[in-house]
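Quick notes on the structure that follows.
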Amino acid sequence: MERIMVIGAAGQIGSELTMALREKFGNDNVVAVGRKTKPSEELRNSGPFEFSNVLNYDEMKAMVQKYRIDTIYLMAAILSATGEQKPMLAYRVNNDGLINVLEIARELKLERVLIPSSIAVFGPETPRDNTPNETILKPKTMYGISKVHGELLCDYYFYKYGLDVRGLRYPGIISYKTPPGGGTTDYTVEMYRAAAEGKPYTCFVKEDTVLPMMYMPDALKSIMDLAEADLSKLKHHSDFNITAMSFSAGELAESIRQYKPDFKVTYEPDFRQAIADSWPRSLDDSAAREEWGWEPEYDLDAMTRDMLENLPKVLGM
Ligand code: SER
C-alpha cells in the first residue's frame, strides 16, 4: 500500500503535488509536511498536515514511523536566487535535508524516495542547446552545487544500499496556484500574474533570455510517472533531463499579448541574469522518454491560455 509523505508540501510544486497524490492514493495516505510557509486551507483540511523541518532528523524519523510511510517525496529546497543571497542556508537545507531523508529511508527500509533535481546542475561550460543527459556538471550557484551533490548521493544510496531513489531535472516550473519562491525562472509566473492584473511588468532577465520550462500539470505527471516506472527499465535513477518547451522572455510576452494586446514589459536584468546565462536553453530528454515514457502535454500556447483563464480566479478578480 502507498503511504506517502511530501516534505516541502506548502511550496510551489509540493502544494499541488500533495493534492494530486491525495486524489490518486486517498487523502489519509498522503501526509503533508511543511516548515513555515502558511499552507492553504485545502492542503490543511484535506488530509494530515504536520509542521516540521527536514533538518530535524529525529522529528522527521518519528513522523515517518508514526504514519508508517513507505514513499517520501522531498520537495523542500532553497532555489537558485535565494541560494545566492543565503548560500549557507541553501547548503544546509539542500544537502543536510537530503542526507537526512536518505538515511531515514535506509534505516527504516522505505520503498522509494523521489527528489527533483534541476537544470541548475548545469553551468557555463555545459553545451547550452539540446543539452545531453550526460554532460559537464560544473554549476556556479550554491543551489546547482547542492543538486549535483544530491544526484550523486541518490545514486550512491541506490548502488550501495539498494534504496530506490529516483529524480529528474526540472526546468522552470510555471503554475497559477502557488507562486514560486526564490528561483531564477520566477519571472515567467510574475509576468503572467502582472498581465492578469492588467499591470505592466519589469522583467529581471533580458528579452532574449531563453530557458527550458514546463507547465505544472506536466511537472506533476512527470514525477508521479517516474515513481511508477518499472525499475528494471531504468538505466538512470536520479538525474533524468526532462523538458516541455523553451522560449525567451520576449516570446512569453508575445504569447500573453495574443490575449492581452496592451500588455507592456520592460527589461531590467539583475544578478539573476548571470544565473540564467549559465543554464541550458534547451534539453535533450530522450533518456526519460525511452526509459519511462516521458511525454509533456502543454506547449507555450496551451499554457498561456490556461494560465490567463485561471489566474483571475486565483487573484480574486
Ligand atoms: N526554477 C528553479 C530556479 O529558478 C530551477 O530549478 O532556481
Side-chain angles (χ1 to χ4, degrees), residues 4-23 30-56 59-60 63 69 71-86 89-98 100-101 113-120 141-144 146-147 150 167-190 192-193 213-224 226-227 242 272 307 310-311 314:
I4 297 169
M5 175 175 280
V6 181
I7 302 172
Q12 186 205 13
I13 305 175
S15 57
E16 294 195 40
L17 178 64
T18 302
M19 295 312 298
L21 290 166
R22 281 182 176 165
E23 196 172 311
V30 182
V31 180
V33 179
R35 192 168 57 93
K36 62 173 189 216
T37 322
K38 198 172 176 290
S40 67
E41 294 286 306
E42 186 188 40
L43 207 55
R44 285 203 78 158
N45 298 336
S46 59
F49 191 99
E50 298 273 1
F51 283 96
S52 187
N53 186 334
V54 71
L55 297 178
N56 188 334
E59 197 174 275
M60 292 298 309
M63 231 177 312
I69 297 299
T71 301
I72 296 180
Y73 284 76
L74 176 55
M75 311 306 287
I78 303 295
L79 299 188
S80 58
T82 305
E84 288 317 285
Q85 279 149 349
K86 299 176 183 165
L89 179 69
Y91 183 93
R92 294 202 57 225
V93 171
N94 300 348
N95 294 311
D96 298 348
L98 173 62
N100 280 353
V101 168
V113 175
L114 278 299
I115 165 147
S117 183
S118 162
I119 52 168
T141 62
M142 187 57 99
Y143 177 56
S146 69
K147 285 297 183 188
L168 32 74
R169 294 170 177 156
Y170 274 140
I173 304 298
I174 295 166
S175 64
Y176 61 84
K177 286 189 185 156
T178 313
T184 299
T185 56
D186 293 10
Y187 62 89
T188 53
V189 180
E190 290 176 7
Y192 279 121
R193 286 189 161 232
M213 301 284 174
M214 184 177 291
Y215 197 34
M216 184 63 90
D218 280 331
L220 302 180
K221 179 165 83 91
S222 66
I223 200 162
M224 289 166 73
L226 176 59
I242 54 161
R272 290 168 282 194
M307 285 291 284
N310 285 290
L311 270 173
V314 175

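- The minimum heavy-atom distance between A9 and T18, with the atom names listed, is CB-OG1, 3.6 Å.
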Please tabulate, for side-chain N and O atoms in residues 47-55, each donor-acceptor pair with protein atoms closer than 3.5 Å (sequence neighbours left out).
{"from": "E50", "atom 1": "OE2", "to": "K66", "atom 2": "NZ", "distance (Å)": "3.0"}
{"from": "E50", "atom 1": "OE2", "to": "Y67", "atom 2": "OH", "distance (Å)": "2.5"}
{"from": "S52", "atom 1": "OG", "to": "E59", "atom 2": "OE2", "distance (Å)": "2.6"}
{"from": "N53", "atom 1": "OD1", "to": "L55", "atom 2": "N", "distance (Å)": "2.9"}

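- Contact detail for T178 and G11: the closest heavy-atom pair is CG2-O, 3.9 Å.
- For R193, there are no side chain to side chain donor-acceptor pair (under 3.5 Å) partners, not counting sequence neighbours.
- Panel note: side chain K147, backbone P116; a donor-acceptor pair is recorded below 3.5 Å.
- For R92, the salt bridge (Lys or Arg N to Asp or Glu O under 4.0 Å) partners two or more places apart in sequence, or in a different chain, are D96.
- In this structure Y215 satisfies the ring pair (Phe, Tyr, Trp, His ring centres under 6.0 Å) test together with Y298, sequence neighbours excluded.
- A heavy-atom distance below 4.5 Å is found between the side chains of T185 and M213.
- Side-chain contact between M224 and L17 is present, with at least one heavy-atom pair separated by less than 4.5 Å.
- For D186 (side chain) and G183 (main-chain N/O), a donor-acceptor pair under 3.5 Å exists by modelled atom type.
- If you take CD1 on I223 and CD1 on I13, they are separated by 7.5 Å, rounding to the nearest 0.5 Å.
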For residues 71-80, which side-chain N or O atoms pair as donor and acceptor with protein atoms under 3.5 Å away, sequence neighbours left out?
{"from": "S80", "atom 1": "OG", "to": "T184", "atom 2": "N", "distance (Å)": "3.1"}
{"from": "S80", "atom 1": "OG", "to": "T184", "atom 2": "OG1", "distance (Å)": "2.7"}

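- In this structure, R35 has no salt bridge (Lys or Arg N to Asp or Glu O under 4.0 Å) partners at least two apart in sequence or on a different chain.
- Considering all non-hydrogen atoms of both residues, Y143 and A120 come closest at CD2-CB, 3.4 Å.
- Taken to the nearest 0.5 Å, the CD1 atom of I7 stands 9.0 Å off from the CD1 atom of I115.
- Heavy atoms of other residues, nucleotides or ligands lying less than 6.0 angstrom from CD of Q85 number more than 12.
- Nearest heavy atoms, M142 versus G83: CB-O, 4.2 Å.
- With hydrogens and angles disregarded, no donor-acceptor distance shorter than 3.5 Å links the side chain of E16 to the backbone of S175.
- Between G14 and V6 the shortest heavy-atom distance is O-CG1, 4.2 Å.
- When side chains are defined from C-beta on, T188 does not count as touching I173, because their heavy atoms never get closer than 4.5 Å.
- Atom CE of M214 and atom CG of L168 lie 8.0 Å apart (nearest 0.5 Å).
- Between L43 and M19 the shortest heavy-atom distance is CD1-SD, 3.8 Å.
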